[in-house]
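This one's a predicted model, so the numbers in the text were calculated from it and none came from an experiment. For the single chain, residues carry numbers from 1 onward in sequence order. Atoms within each ligand, like the ligands themselves, are counted from 1 in listed order.
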Amino acid sequence: MRIDIVSIFPEYFAPLDVSLIGKARERGTLDVRLHQLRDWTHDIHRTVDDTPYGGGPGMVMKPDPWGEALDSVLASDEGTPRLIVPTPSGRPFTQEVALRLSEEPWLVFACGRYEGIDSRVMAEYGERLPVDEVSIGDYVLAGGEVAVLVMVEAVGRLLPGVLGNVRSVADDSFAPGAMANLLEGPVYTKPPVWRGREVPEILLSGHHGRIARWRRDEALRRTSANRPELLADLDPDTLDKRDREV
Ligand SMILES: Nc1c(O)cccc1[N+](=O)[O-]
């Protein structure tokens with residue numbers, strides 16, 4: 001997968017040099033290319049923003065630098081990417097969206113700042129390629145860079161060979177199948193007793209069927225406590241199927 005990221009703060013993406021994503025880049029599984037938006041400005045101040053039409057607070061990112069930057073990135077002959085624009089007014093970014101994006105050969109991320117990018121940019125490129133305006137949550141960030149870090153990690157870890165254990169993906173919270181709409185339950189490792197606290201005995205039993213059922217029950221318990229709304233979407237048949245699976 002190729003990923004292009006356009007930002008006025010490309011240094012935000014240093015974390016993509018480390019850990020799983022960093023190793024995937026070294027192996028060539030992931031090709032991440034960073035672009036400084038200001039390289040497509042032509043004034044001495046390398047201006048990328050201006051006051052909003054219609055008045056109001058803050059500044060809006062000008063369409064000209066974005067148009068030149070995206071035209072330059074898209075000039076590649078590597079097919080047609082999806083353009084992902086992180087914004088609080090976008091559709092929710094979920095594990096399902098991450099799974100869908102992980103099947104794409106090329107993603108381009110446009111990191112807005114200030115009050116956002118002039119809407120004509122998304123309209124312009126929406127006529128040429130798929131454009132997804134996506135939100136990672138209902139809170140205010142200073143810009144899209146942090147959201148792109150979240151999305152690149154969520155998508156990148158799903159690529160073949162990035163996670164050591166393929167099973168880890170299937171057991172993720174929100175993963176399709178048996179764990180869909182369920183949060184992961186508690187996890188434990190050695191020592192068996194820590195500060196007088198014992199690991200649940202079932203986990204030491206070696207009885208895989210009972211362990212799977214216990215984990216399912218704990219996932220249901222945690223989901224009911226922390227995200228009860230997810231249980232509303234749980235298909236009773238799937239729940240029964242889970243019982244048959246364990
Ligand atoms: N929430 C937010 C923001 O405030 C600014 C850019 C992107 C996002 N987001 O993706 O959720």
### Message
If the cut-off is 4.0 Å to any non-hydrogen atom of A147, which atoms of ligand 1 fall inside it?
### Response
10 (O)
#### Entry: salt_bridge(K62, D118) N-O dist < 4.0 Å
no
### Summary
Under 4.0 Å from one or more heavy atoms of V140, ligand 1 contributes atoms 4 (O)
## Note on the structure
Nearest heavy-atom contact between G58 and P52 is O-CD, 3.1 Å
### Message
With respect to I136, determine whether any N or O atom, backbone or side chain, lies less than 3.5 Å from an N or O atom of ligand 1.
### Response
yes
### Query
Atom OG1 in T80, atom CG in L129: separation rounded to 0.5 Å?
7.0 Å
### Message
Between R2 and D4, does any NZ, NE, NH1 or NH2 come within less than 4.0 Å of an OD or OE carboxylate oxygen?
### Response
yes
### Task
Under 4.0 Å from a heavy atom of G143: give me the atoms of ligand 1 that qualify, with their elements.
5 (C), 6 (C)
### Query
Nearest protein heavy atom to atom 4 (O) of ligand 1, by residue and atom, and its distance?
L141 N, 2.7 Å
### Summary
Atoms of ligand 1 under 4.0 Å from any heavy atom of S135, numbered from 1 in the order shown, are 9 (N), 10 (O), 11 (O)
## Note on the structure
Note: ligand 1 atoms sitting under 4.0 Å from heavy atoms of G137 are 1 (N), 11 (O)
### Task
Decide, yes or no, whether a salt bridge links E26 with K23 under the criterion of side-chain N to carboxylate O below 4.0 Å.
no
### Task
Would you mind checking which non-hydrogen protein atom is closest to atom 1 (N) of ligand 1, with the distance to 0.1 Å?
Y139 O, 2.7 Å
### Nearest-contact summary for atom 2 (C) of ligand 1 - protein heavy atom, Å
P88 CD, 3.6 Å
### Query
With backbone taken as N, CA, C and O and side chain as the heavy atoms from C-beta onward, which portion of V134 lies under 4.0 Å from ligand 1: side chain, backbone, both, or neither?
backbone
### Task
Look at R128 together with E124 and state whether they make a salt bridge at an N to O cut-off of under 4.0 Å.
yes
### Task
Check the side chains of E145 and S7 for a donor-acceptor pair under 3.5 angstrom, ignoring hydrogens and angles.
yes
